[in-house]
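What follows is one structure encoded as structure tokens, with my remarks underneath.
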Amino acid sequence: SAVISQKPSRDICQRGTSLTIQCQVDSQVTMMFWYRQQPGQSLTLIATANQGSEATYESGFVIDKFPISRPNLTFSTLTVSNMSPEDSSIYLCSVVSATGSQEAFFGQGTRLTVV
Amino acid sequence: AQSVTQLGSHVSVSEGALVLLRCNYSSSVPPYLFWYVQYPNQGLQLLLKYTSAATLVKGINGFEAEFKKSETSFHLTKPSAHMSDAAEYFCAVSLKGGFQKLVFGTGTRLLVSP
């Protein structure tokens, strides 16, 4: 299995500011993803974090709002830019291991509140 | 496009009773299907997965699910509920037939009463 450390676990931010969330995995993984879980709702895929290249964004999500980096196989960051209250959500990092069952593992999430 | 529908945002059962959480999917290609559980303030944990092998899949904590192609369903069951089963349950389908990008249902909160 893969152990995912996500930081911060929660934050309260002022509108108009930006927050960078970190995702660190204890083993090399093939795929890393970022999901958003809005209050009372399900998970929606934001983007696939690609090592050494630009992330692949899903419909409705853009790089200017959610810039993503993945400098190596075990680390990625998601930035929520120019935040508004509508960005208040839980953001989750997910990884698929390079070996074994290829099961998708999830971090504990970052609970973001924008005021 | 693939999608998942979970019937019932909340399901309440008594401890020891049967648990049935419903999931129907839509997919233009043979899907991979998953059930995840989310405990309060925690990430998601995989309960079980269907990957076109046996249609009856057994998972952790006594849960199982049956893939029924004719009904496009993948309902989650457990014969006897335990208090510790109280959580949010998500059904998900893989976008590319693999363990990668997932499309999630809206979730079902399971409440277990003594």
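Order of the sequence lines sets the chain letters (A, B, ...), proteins ahead of strands, with each chain counted from 1. Keep in mind that the numbers below use all heavy atoms, side chains included, and drop hydrogens, waters and symmetry copies.
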NZ/NE/NH1/NH2 to OD/OE distance under 4.0 Å, Asp11(A) and Arg111(A): no
Phe61(A) with Trp34(A), same ILVMFWY side-chain cluster at under 4.5 Å: yes
Candidate list Tyr39(B), Tyr36(B), Phe63(B), test ring-ring contact (aromatic ring centres under 6.0 Å, His included), partner Tyr89(B), passing option: Phe63(B)
Counting only non-hydrogen atoms closer than 4.5 Å, does Gln6(A) touch chain B with its backbone (N, CA, C, O), its side chain (CB onward), both, or neither? neither
Contacting region of Gln45(B) [heavy-atom separation from chain A under 4.5 Å]: neither
Proximity breakdown for Thr48(A) and chain B, heavy-atom pairs closer than 4.5 Å: side chain
Determine whether Phe34(B) and Phe74(B) satisfy the following criterion, ring pair (Phe, Tyr, Trp, His ring centres under 6.0 Å), listing intermediate values before the conclusion. CA-CA 9 Å; Phe34(B) 308 83; Phe74(B) 191 57; 8.5 Å; no
Does any backbone or side-chain atom of Leu43(A) lie under 4.5 Å from a heavy atom of chain B? Answer side chain, backbone, both or neither. both
